[in-house]
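Have a look at the structure below before the remarks.
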Amino acid sequence: MARYFDVHPDNPQPRSLSQVVSILQGGGLVVYPTDSGFALGCTMGNADGLARMRAIRDLPRHHHFTLVCSTFSQMGQYVEMANDQFRAIKAATPGPYTFILKATRLAPKAMLHDKKKTVGVRIPEHVTAQALLDALGEPLMSTTLILPGAEEPPTDGWAIAEELEHVVDAVLDSGDVGVGATTIVDFTVDEVGIVRVGAGDPTPFQE
């Protein structure tokens with residue numbers, strides 16, 4: 001049975017965040033709010049958590065999971081960025097974007113694209129997501145919560161808790177989730193590719 005945590009959107013209660021962190025560190029899978037809908041998240045190296053994400057979303061084998069980071073410097077530990085990529089990504093973060101880049105050796109092997117050795121990374125512009133990441137002290141392995149048959153992530157945390165109560169361990173809700181999935185930008189192709197247009201404006205990466 002998933003635990004439901006309702007926190008303040010501007011000042012998420014530390015006690016609730018600590019309980020969610022304990023669930024994550026115990027191998028749990030949680031739903032949390034971001035600037036682009038709710039997301040599923042687990043700690044780095046939690047292979048069972050990744051398998052549960054795949055099952056919930058019915059994802060293909062080659063799906064790019066995302067490392068959700070709290071800062072740009074933290075993100076830089078897990079992906080390789082050329083100078084022009086560095087500038088473009090820094091200008092767009094934090095925000096509703098996911099960037100696909102070549103992974104460094106520090107990136108969890110279980111979440112890498114098995115052929116390309118690439119990974120998605122992002123920094124959400126959302127108080128509760130940032131507070132959770134700060135309390136955890138490391139990135140979350142994550143994916144946008146888009147259920148099979150749906151085109152957009154759900155926005156009602158209580159409804160998610162009811163629907164997924166037997167397949168996730170916690171739902172963190174602050175009532176201010178962003179609308180629309182992230183815009184996905186692939187920097188591993190010859191010309192920057194927009195994989196998905198979502199909440200983030202793709203224009204800066206199409207010039």
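Once rounded to the nearest 0.5 Å, the distance linking CG of Leu40 with OG1 of Thr66 reads 11.5 Å. Atom OG1 of Thr155 and atom CG of Leu145 lie 11.0 Å apart (nearest 0.5 Å). With values rounded to the nearest 0.5 angstrom, His126 atom NE2 is found 10.5 Å from Tyr32 atom OH. To the nearest 0.5 Å, atom CD of residue Gln85 and atom OG1 of residue Thr188 are 9.0 Å apart. In this structure, the separation between CG on Leu29 and CZ on Arg52 is 5.0 Å, given to the nearest 0.5 Å. Here the CG atom belonging to Leu132 is positioned 11.0 Å from the OG atom belonging to Ser16, to the nearest 0.5 angstrom.
Ring geometry for Phe72 against Phe86 counts as perpendicular: the plane angle is over 60°, on a 0 to 90° scale with 30° as the lower cut. Ring orientation note: the planes of His63 and Phe65 are nearly perpendicular, at an angle over 60° on the 30°/60° scale.
Residues Leu17 and Ala135 come closest through the heavy atom pair CB-CB, 4.4 Å. Contact record, Met1 with Glu165: SD-OE1, 2.9 Å, taken as the closest heavy-atom pair. Taking each heavy atom of Gly37 and Val177 in turn, the nearest pair found is C-CG2, 3.2 Å. When every heavy atom of Val127 is checked against every heavy atom of Pro12, the shortest pair comes out as CG1-CD, 3.9 Å. Closest heavy-atom contact between Ala92 and Phe99: CB-CZ, 4.1 Å. Shown here for Asp176 and Pro9, the closest heavy-atom pair between the two residues is OD2-CB, 3.4 Å.
For Thr104 (side chain) and Gln77 (main-chain N/O), a donor-acceptor pair under 3.5 Å exists by modelled atom type. Between the Asn46 side chain and the Gly27 main chain, a donor and an acceptor come within less than 3.5 Å of each other. Without hydrogens or angle criteria, Asp173 side chain to Asp6 main chain gives no donor-acceptor distance under 3.5 Å. Of the possible polar contacts, none joining the Ser18 side chain to the Pro14 backbone as a donor-acceptor pair under 3.5 Å is found. At distances below 3.5 Å, at least one donor-acceptor pair connects side-chain atoms of Lys102 with backbone N or O atoms of Lys116.
Between Arg87 and Asn83, the closest side-chain pair of non-hydrogen atoms falls below 4.5 Å. Residues Pro108 and Leu67 meet the side-chain proximity criterion, which asks for heavy atoms closer than 4.5 Å. With a 4.5 Å cut-off on side-chain heavy atoms, Ile160 and Val168 do not count as touching. Counting heavy atoms from C-beta outward, Thr98 and Thr144 have side chains that stay 4.5 Å or more apart. Put simply, the side chain of Tyr97 reaches to within 4.5 Å of the side chain of Asp201, judged on heavy atoms. Counting heavy atoms from C-beta outward, Gln130 and Ile123 have side chains that approach closer than 4.5 Å. In this structure, the side chains of His64 and Ile184 stay at 4.5 Å or more apart for every pair of heavy atoms. Looking only at side-chain heavy atoms (C-beta outward), Asp186 and Thr118 stay at 4.5 Å or farther from each other.
Hydrophobic clustering of Ile, Leu, Val, Met, Phe, Trp and Tyr side chains at less than 4.5 Å, counting indirect connections, unites Tyr78 with Ile89. Hydrophobic clustering of Ile, Leu, Val, Met, Phe, Trp and Tyr side chains at less than 4.5 Å, counting indirect connections, unites Val79 with Leu106. Val171 and Val179 are assigned to two separate hydrophobic clusters, defined by single-linkage of ILVMFWY side chains at heavy-atom distances under 4.5 Å. Residues Trp158 and Ile56 share a hydrophobic cluster, clusters being chains of Ile/Leu/Val/Met/Phe/Trp/Tyr side chains in contact below 4.5 Å. Transitive grouping of hydrophobic side chains (ILVMFWY, heavy atoms separated by less than 4.5 Å) brings Val31 and Met111 into a common cluster.
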Check: Leu133 and Gln74: side-chain contact (heavy atoms from CB on, under 4.5 Å), yes or no, with the steps?
Finding: CA-CA 11 Å; Leu133 290 165; Gln74 184 185 70; 5.7 Å; no
Notebook entry, point to check: After noting the C-alpha distance and the side-chain angles of Arg122 and Ser36, does the key distance pass the side-chain contact (heavy atoms from CB on, under 4.5 Å) rule?
Noted result: CA-CA 11 Å; Arg122 71 168 303 225; Ser36 58; 3.4 Å; yes
Note to self: Quick one, Val68 with Thr34, criterion side-chain contact (heavy atoms from CB on, under 4.5 Å). Give me CA distance, side-chain angles, the key distance, then yes/no.
What the structure shows: CA-CA 10 Å; Val68 178; Thr34 78; 6.0 Å; no
Checklist line | Derivation of the side-chain contact (heavy atoms from CB on, under 4.5 Å) call for Val30 and Leu172 | finding: CA-CA 7 Å; Val30 307; Leu172 179 63; over 6 Å; no
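One side chain, Arg57 or Thr143, offers a donor N or O that lies under 3.5 Å from an acceptor on the other.
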